[in-house]
Amino acid sequence: MTGMTAMEEIETFDVVVVGGGPSGATAAQTLAAAGRRVLLLDRAGRIKPCGGAIPPRLIKDYAIPDAQLVARATCARMVAPTGKNVDIPIEGGFVGMVDRDRFDEFLRERAAEAGAVRRNGVFEKIERAADGVNVIHYRRRDSQRAGEGTPARVRALATIGADGANSAVARQAVPGAERVKYVFAYHEILARPKDEPEGYDPSRCDVWYQGRLSPDFYGWVFPHGDTLSVGTGSADKGFSLRNAVADLREATGLQHATTLRREGAPLPMKPLKRWDNGRDVVLAGDAAGVVAPSSGEGIYYAMVGGTLAAEAVEQLLATGDARALATARKRFMKEHGRVFWILGIMQKFWYSSDKRRERFVDICRDKDVQTLTFESYMNKKLVRKKPIAHVRIFFKDVAHLLGLARV
């Protein structure tokens with residue numbers, strides 16, 4: 001409780017969204033389009049390390065224009081520890097590739113066009129005024145130097161924390177958020193070489209399953225048109241991600257390519273058990289922990305989480321019933337919780353040693369596995385329409401788990 005009174009002249013918003021990545025920008029757009037007065041508070045200049053892949057369902061559901069797609073991937077190559085690889089064609093479609101620098105700004109601009117107010121600032125704390133309304137304290141960024149900026153504050157009937165995996169909003173407002181575990185991701189954005197290295201394909205995403213590149217995740221080389229993303233991630237704090245990316249660049253003939261940006265950030269390992277404070281704060285995106293295990297995919301789930309958080313807040317504002325905030329997590333987990341659970345098991349088992357990584361890549365040669373995997377990825381649903389294929393995959397999985405299948 002603060003000594004402020006409700007009579008103080010402080011700008012009041014229906015909703016303050018902290019964080020302008022895909023989840024926050026989507027939440028802000030959704031609420032602004034519904035007629036709510038929204039402040040989108042974002043720290044300019046922050047770009048999350050990300051391969052930039054977005055599935056067709058995201059492109060369709062969120063009306064992403066072709067101009068935002070810097071490349072279209074029509075094939076994925078999986079590289080095993082021994083160097084063997086499996087090419088998986090994306091039949092009848094493609095995976096869109098975006099540059100997060102451009103894509104996130106496009107989403108923020110779209111939120112502003114819907115009526116959201118944009119401000120460049122760093123969130124500091126939430127206090128509760130005498131009348132029970134939250135007061136959001138932040139620093140307007142007049143400078144890029146840490147700690148600088150003009151102190152400012154606004155009142156908010158509701159707050160959405162979309163400020164990343166190490167969310168300050170979550171730590172202050174949501175019980176249990178401080179116990180979340182993270183992995184760390186790092187990538188380098190390179191200029192596409194004029195003389196492309198042998199084997200490079202600008203329409204193919206390469207995923208490297210090798211312990212030297214990550215002891216518990218994978219390395220990637222993803223095309224971005226005139227640029228490309230080369231990165232890796234790990235929960236092992238003693239593992240050098242920069243050295244691993246340097247090794248991957250050398251292995252792919254990209255060691256001399258011009259480096260345009262270097263970016264790193266923590267990623268949550270699984271969804272938080274609670275996303276709201278039971279009163280007026282709800283989380284979305286990485287702040288809520290919605291990065292898919294095994295694949296590391298986050299953009300689609302972040303935008304879905306932003307939509308669900310916005311709809312929960314809209315229900316809260318319309319009815320005054322704070323129980324509405326819990327619907328964001330309930331709806332997300334009902335739709336995607338099983339996929340996250342399965343992917344978590346896959347990562348723990350298949351990524352635990354190079355011997356298992358070799359088997360994992362080998363099983364991906366199977367056409368049934370390829371078909372069902374990409375249908376599920378592209379449409380974001382577990383495919384249920386091919387029961388015979390599921391049975392075949394089950395027995396093949398068992399053979400690999402027991403070491404009975406030849407690699």
Side-chain angles (χ1 to χ4, degrees), residues 1-21 23-43 108 110-140 151-163 167-175 177 272 274-285 287-288 305-332:
M1 180 72 70
T2 178
M4 287 179 281
T5 68
M7 299 303 293
E8 287 184 89
E9 291 296 328
I10 306 176
E11 191 175 13
T12 299
F13 290 88
D14 292 322
V15 187
V16 171
V17 179
V18 180
S23 60
T26 300
Q29 180 195 359
T30 302
L31 285 160
R36 296 296 179 179
R37 180 161 167 72
V38 180
L39 171 63
L40 178 59
L41 182 65
D42 188 56
R43 183 177 62 194
R108 290 189 288 266
R110 194 158 69 170
E113 290 170 3
V117 176
R118 287 186 60 183
R119 283 185 193 156
N120 178 13
V122 178
F123 169 85
E124 290 191 326
K125 63 181 178 179
I126 299 177
E127 289 185 335
R128 196 169 299 282
D131 62 354
V133 175
N134 277 341
V135 176
I136 310 300
H137 293 252
Y138 66 99
R139 284 188 174 271
R140 300 192 73 153
R153 59 186 181 177
V154 295
R155 286 162 54 86
L157 302 181
T159 304
I160 295 177
D163 50 335
S167 166
V169 175
R171 293 197 310 272
Q172 289 188 33
V174 178
L272 293 178
R274 183 171 179 176
W275 293 5
D276 69 279
N277 70 344
R279 183 164 181 167
D280 47 18
V281 176
V282 66
L283 306 177
T307 299
L308 296 177
E311 291 174 353
V313 166
E314 174 61 32
Q315 187 177 349
L316 165 68
L317 296 175
T319 66
D321 188 348
R323 292 175 297 180
L325 296 179
T327 63
R329 188 184 190 280
K330 288 178 182 177
R331 292 173 62 193
F332 184 93

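Worth saying up front: this structure is predicted, and the values here are computed from it rather than measured. These numbers come from the heavy atoms of this one structure, side chains and all, not from hydrogens, waters or symmetry mates.
- With sequence neighbours left out, Asp163 forms a side chain to side chain donor-acceptor pair (under 3.5 Å) with Ser167.
- Counting only heavy atoms from C-beta outward, the side chains of Leu40 and Arg108 approach each other to under 4.5 Å.
- Evaluation of the salt bridge (charged side-chain N to carboxylate O under 4.0 Å, His left out) rule for Arg331 yields Glu311 as partners, not counting sequence neighbours.
- Contacts of Val281 classified as side-chain contact (heavy atoms from CB on, under 4.5 Å), with partners at least two apart in sequence or in another chain: Ile126, Asn134, Thr159, Val169, Ala173, Asn277.
- With sequence neighbours left out, Gln315 forms a side chain to side chain donor-acceptor pair (under 3.5 Å) with no residue at all.
- Scored by the side-chain contact (heavy atoms from CB on, under 4.5 Å) test, Val122 finds Arg43, Arg141 as partners (sequence neighbours excluded).
- Partners of Glu113 according to the salt bridge (charged side-chain N to carboxylate O under 4.0 Å, His left out) rule, which considers only residues two or more places apart in sequence or in another chain, do not exist here.
- For Arg118, the side chain to side chain donor-acceptor pair (under 3.5 Å) criterion is met by Glu105, Glu109, not counting sequence neighbours.
- Listed by chain and number, the residues in a salt bridge (charged side-chain N to carboxylate O under 4.0 Å, His left out) with Arg323 are Asp321 (sequence neighbours excluded).
- Evaluated for a side-chain contact (heavy atoms from CB on, under 4.5 Å) with Val313, the options Asp276, Asp280, Thr30, Val282 yield exactly one hit, Val282.
- Every residue two or more places apart in sequence or in another chain was checked for a salt bridge (charged side-chain N to carboxylate O under 4.0 Å, His left out) with Asp14, and none qualifies.
- Exactly one of Val117, Leu31, Leu157 qualifies for a side-chain contact (heavy atoms from CB on, under 4.5 Å) with Arg37. That residue is Val117.
- Partners of Arg36 according to the side chain to side chain donor-acceptor pair (under 3.5 Å) rule, which considers only residues two or more places apart in sequence or in another chain, are Glu314.
- Under a 4.0 Å N-O distance rule, the pair Arg139/Glu124 qualifies as a salt bridge.
- The two residues Ala158 and Leu316 come nearest to each other via the heavy atoms CB-CD2, 4.2 Å.
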Dump the intermediate steps for side chain to side chain contact (heavy atoms under 4.5 Å, CB included) on Arg274 and Leu283, then the final yes or no. CA-CA 9 Å; Arg274 183 171 179 176; Leu283 306 177; over 6 Å; no

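- In this structure Ala32 satisfies the side-chain contact (heavy atoms from CB on, under 4.5 Å) test together with Val38, Ala114, Ala116, sequence neighbours excluded.
- By the side-chain contact (heavy atoms from CB on, under 4.5 Å) test, Lys125 is found to be paired with Glu127, His137, Gln172, residues two or more places apart in sequence or in another chain being considered.
- For the residue pair Leu272 and Ala287, the shortest heavy atom distance occurs at CD1-O, 3.3 Å.
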